[in-house]
Participant: 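Once you've had a glance at the structure underneath, I'll fire off some questions.
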2 protein chains.
Amino acid sequence: MPKLGAEPIRRAALVKATIETVGEAGSLDVTVAQIARRAGMSSALAHHYFGSKDRIFLAAMRSILSIYGAEVRGAMAMAQTPHERVRAVVMGSFAAGSFRHEAIAAWLNFYVLAQSSAEARRLLHIYQRRLRSNLMHGLRPLVGDRAGSVAEGLGALIDGVYIRAALVAGDPDREAACELVLAHLEKELEVHQ
Amino acid sequence: MPKLGAEPIRRAALVKATIETVGEAGSLDVTVAQIARRAGMSSALAHHYFGSKDRIFLAAMRSILSIYGAEVRGAMAMAQTPHERVRAVVMGSFAAGSFRHEAIAAWLNFYVLAQSSAEARRLLHIYQRRLRSNLMHGLRPLVGDRAGSVAEGLGALIDGVYIRAALVAGDPDREAACELVLAHLEKELEVHQ
DNA sequence: ACATGTTTATTGACTCGTCAATCAACAACC
DNA sequence: GGTTGTTGATTGACGAGTCAATAAACATGT
């Protein structure tokens with residue numbers, strides 16, 4: 001049965017299964033065996049490919065963050081003006097790949113993991129810096145020196161909407177989330193135009 | 001050594017130790033023995049008083065939420081106008097008892113716990129409803145129908161500031177947190193006056 | 001074509017540690 | 001002597017990680 005070139009497929013399956021399992025359990029307190037079973041393999045194979053449970057979690061976290069990053073980049077690609085760019089970052093943050101129950105629940109757990117794992121913390125910081133930098137680029141031409149504090153507020157608001165979405169069962173309301181954050185953005189911009 | 005009337009003292013010590021241990025570890029993955037040792041007793045005694053690990057966690061969560069509630073109520077007590085009342089809720093949310101590293105880290109973990117424990121979810125909902133209701137009371141006279149969405153935004157922003165504070169080492173900047181959220185509030189009010 | 005050796009894939013069974021929860025027993029107080 | 005407080009020792013379960021063994025695919029030489 002062993003077909004060659006299984007490694008990337010297995011790894012991807014394990015990452016996907018990890019996000020699903022963690023998302024469903026709402027906790028990092030899941031066993032490697034559960035993840036592996038969901039991915040259709042033995043726990044020994046999961047260890048064979050990733051070496052440890054920590055590494056599996058880290059890989060899943062990287063996947064979540066990289067999907068998020070791709071979605072924001074995708075949205076930004078079409079933006080022409082600074083204003084559109086900032087809106088794109090916000091809307092990209094609530095795109096379908098990231099803003100779904102499972103991913104949010106997993107994200108929250110990885111956020112917690114960052115409190116005890118240096119590597120997880122590092123990953124999270126990279127993405128927080130990138131988010132901030134993306135926002136700043138669009139904001140500076142619009143609000144000048146206030147860009148820093150406006151970006152701070154937007155970032156916190158996005159995180160806040162995420163964490164609250166984690167608690168509602170089922171997929172959250174993308175539309176409403178976007179509107180809430182975008183409304184805040186417009187208020188910040190009003191003052192300076 | 002056994003002095004009478006130890007129960008409430010032991011319980012309080014365990015709750016305090018739980019918050020400290022969870023906050024320090026940044027994870028619910030702590031043992032009853034660790035908590036008990038920190039509280040200066042054996043793990044058997046912790047079980048004797050609380051029955052199970054879950055109950056210890058829930059008691060700690062209740063403690064955190066009740067301190068938070070008390071601080072908000074305390075701040076609101078001095079408010080005279082609707083505007084002051086809303087400001088009090090915000091400032092109370094960042095009061096010294098709740099807005100410190102340990103408590104925030106523990107709070108975040110209990111937030112996660114609410115994804116898998118019905119009782120934890122119930123506790124959290126009670127406090128979210130109370131927060132919302134407190135905000136609405138002050139907001140309705142100020143912004144009328146928009147009170148709902150403004151409260152939503154403020155709540156999300158407060159949660160966002162909290163979750164971000166969880167990631168920085170050491171105690172967070174109370175001043176800056178207040179200012180950020182209050183600035184948002186003022187922007188929301190500007191429109192309608 | 002075929003034998004032989006090497007790498008990759010895969011698992012069941014096992015080890016070893018950990019931890020929640022229990023219990024029996026002891027100590028102090030009334 | 002019963003109630004309250006307290007612990008060390010024990011149990012029973014569970015789970016991460018290891019290992020030996022198996023099997024398919026590929027490579028090479030003949």
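Per chain, numbering begins at 1; letters A, B, ... match sequence-line order. The analysis underlying the following values was restricted to heavy atoms, covering all of them including side chains, and did not include hydrogens, waters or symmetry mates.
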Participant: Taking only heavy atoms on the protein side, list every residue of residues 14-26 of chain A lying under 4.0 Å from any atom of DNA chain C, sorted numerically.
Facilitator: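 By residue number: none to list.
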Participant: For residues 168-178 of chain B, which residue pairs pass the salt bridge (Lys or Arg N to Asp or Glu O under 4.0 Å) check, not counting sequence neighbours?
Facilitator: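 Passing the test, one end in residues 168-178 of chain B: no pairs.
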Participant: Going by side-chain hydrogen bond (donor to acceptor under 3.5 Å, both in side chains), name the residues that satisfy it together with A:Tyr111, two or more places apart in sequence or in a different chain.
Facilitator: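 Once residues adjacent in sequence are excluded, the partners of A:Tyr111 under the side-chain hydrogen bond (donor to acceptor under 3.5 Å, both in side chains) criterion are A:Gln128.
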Participant: Encode nucleotides 7-14 of chain D as B, S and - characters from 5' to 3', where the letter depends on protein heavy atoms closer than 4.0 Å: B to the base, S only to sugar-phosphate, - to neither.
Facilitator: BB------
Participant: Rounded to the nearest angstrom, tell me the gap between atom CZ in A:Arg37 and atom C1' in D:dG15.
Facilitator: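 Taking CZ of A:Arg37 and C1' of D:dG15, I get 12 Å after rounding.
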Participant: I'd like to know if the side chain of B:Ser117 reaches the main chain of B:Leu113, judged simply by a donor and an acceptor atom lying under 3.5 Å from each other, with no hydrogens or angles considered.
Facilitator: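 No, the answer is negative, given that no donor and acceptor are paired below the 3.5 Å cut-off.
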Participant: Report the distance from atom CD1 of A:Ile9 to atom C1' of C:dT8, rounded to the nearest whole Å.
Facilitator: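 From A:Ile9 CD1 to C:dT8 C1': 13 Å.
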Participant: Give every residue pair that meets the salt bridge (Lys or Arg N to Asp or Glu O under 4.0 Å) criterion with at least one member in residues 72-81 of chain B, sequence neighbours excluded.
Facilitator: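 Listed once each, the pairs would be none.
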Participant: Do any side-chain atoms of residues 80-89 of chain A form donor-acceptor pairs under 3.5 angstrom with protein atoms, and if so which ones, sequence neighbours left out?
Facilitator:
from	atom 1	to	atom 2	distance (Å)
A:Thr81	OG1	A:Glu84	N	3.0
A:His83	NE2	A:Glu186	OE2	3.0
A:Glu84	OE1	A:Gln80	N	2.8

Participant: Output the rounded distance in Å from CG (B:Asp29) to P (D:dA16).
Facilitator: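 Value for this atom pair: 11 Å.
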Participant: If the condition is side-chain hydrogen bond (donor to acceptor under 3.5 Å, both in side chains), which residues does A:Ser98 pass it with, not counting sequence neighbours?
Facilitator: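 Partners of A:Ser98 by the side-chain hydrogen bond (donor to acceptor under 3.5 Å, both in side chains) criterion, ordered by chain and then number, come out as A:Glu71.
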Participant: Roughly how many Å is it from CD in B:Glu7 to P in D:dT6, rounded to a whole number?
Facilitator: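 It works out to 10 Å between those atoms.
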Participant: Could you tell me whether the phosphate oxygens of C:dA9, OP1 or OP2, come under 4.0 Å of any side-chain nitrogen or oxygen in A:Tyr49?
Facilitator: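 Checking A:Tyr49 against C:dA9: at least one side-chain N or O falls below 4.0 Å of OP1 or OP2.
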Participant: What are the residues of residues 111-121 of chain A, sorted by number, that bring a heavy atom to within less than 4.0 Å of DNA chain D?
Facilitator: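 Those residues whose heavy atoms fall under 4.0 Å from DNA chain D, taken from residues 111-121 of chain A, amount to none.
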Participant: What is the separation between atom CD1 on B:Ile35 and atom C1' on C:dC19, rounded to the nearest whole Å?
Facilitator: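 It is 12 Å, rounded to the nearest whole Å.
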Participant: Going by salt bridge (Lys or Arg N to Asp or Glu O under 4.0 Å), name the pairs with one or both residues in residues 32-45 of chain A, residues two or more places apart or in two chains.
Facilitator: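 For residues 32-45 of chain A, and leaving out neighbouring residues, the salt bridge (Lys or Arg N to Asp or Glu O under 4.0 Å) pairs sorted by first residue read A:Glu20-A:Arg38, A:Glu24-A:Arg38.
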Participant: Does the A:Lys16 side chain pair with the main chain of A:Ala39, one donor and one acceptor, at a distance under 3.5 Å?
Facilitator: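 No: the side chain of A:Lys16 does not pair with the backbone of A:Ala39.
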Participant: Could you give the NZ-to-P distance, from A:Lys53 to D:dA16, as a whole number of Å?
Facilitator: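 Rounding to the nearest Å, NZ of A:Lys53 and P of D:dA16 are 4 Å apart.
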Participant: With sequence neighbours excluded, tell me which residues meet ring-ring contact (aromatic ring centres under 6.0 Å, His included) with A:His101.
Facilitator: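 For A:His101 there are no ring-ring contact (aromatic ring centres under 6.0 Å, His included) partners, ignoring immediate neighbours.
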Participant: Which residue pairs pass the salt bridge (Lys or Arg N to Asp or Glu O under 4.0 Å) test with at least one member in residues 118-129 of chain A, sequence neighbours excluded?
Facilitator: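 Output for this query lists A:Arg62-A:Glu119, A:Glu119-A:Arg122.
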Participant: What donor-acceptor contacts under 3.5 angstrom involve side-chain atoms of residues 154-168 of chain B, with partners at least two apart or in another chain?
Facilitator:
from	atom 1	to	atom 2	distance (Å)
B:Asp159	OD2	A:Arg164	NE	3.1
B:Tyr162	OH	B:Ser93	O	2.6
B:Arg164	NE	A:Asp159	OD2	3.1

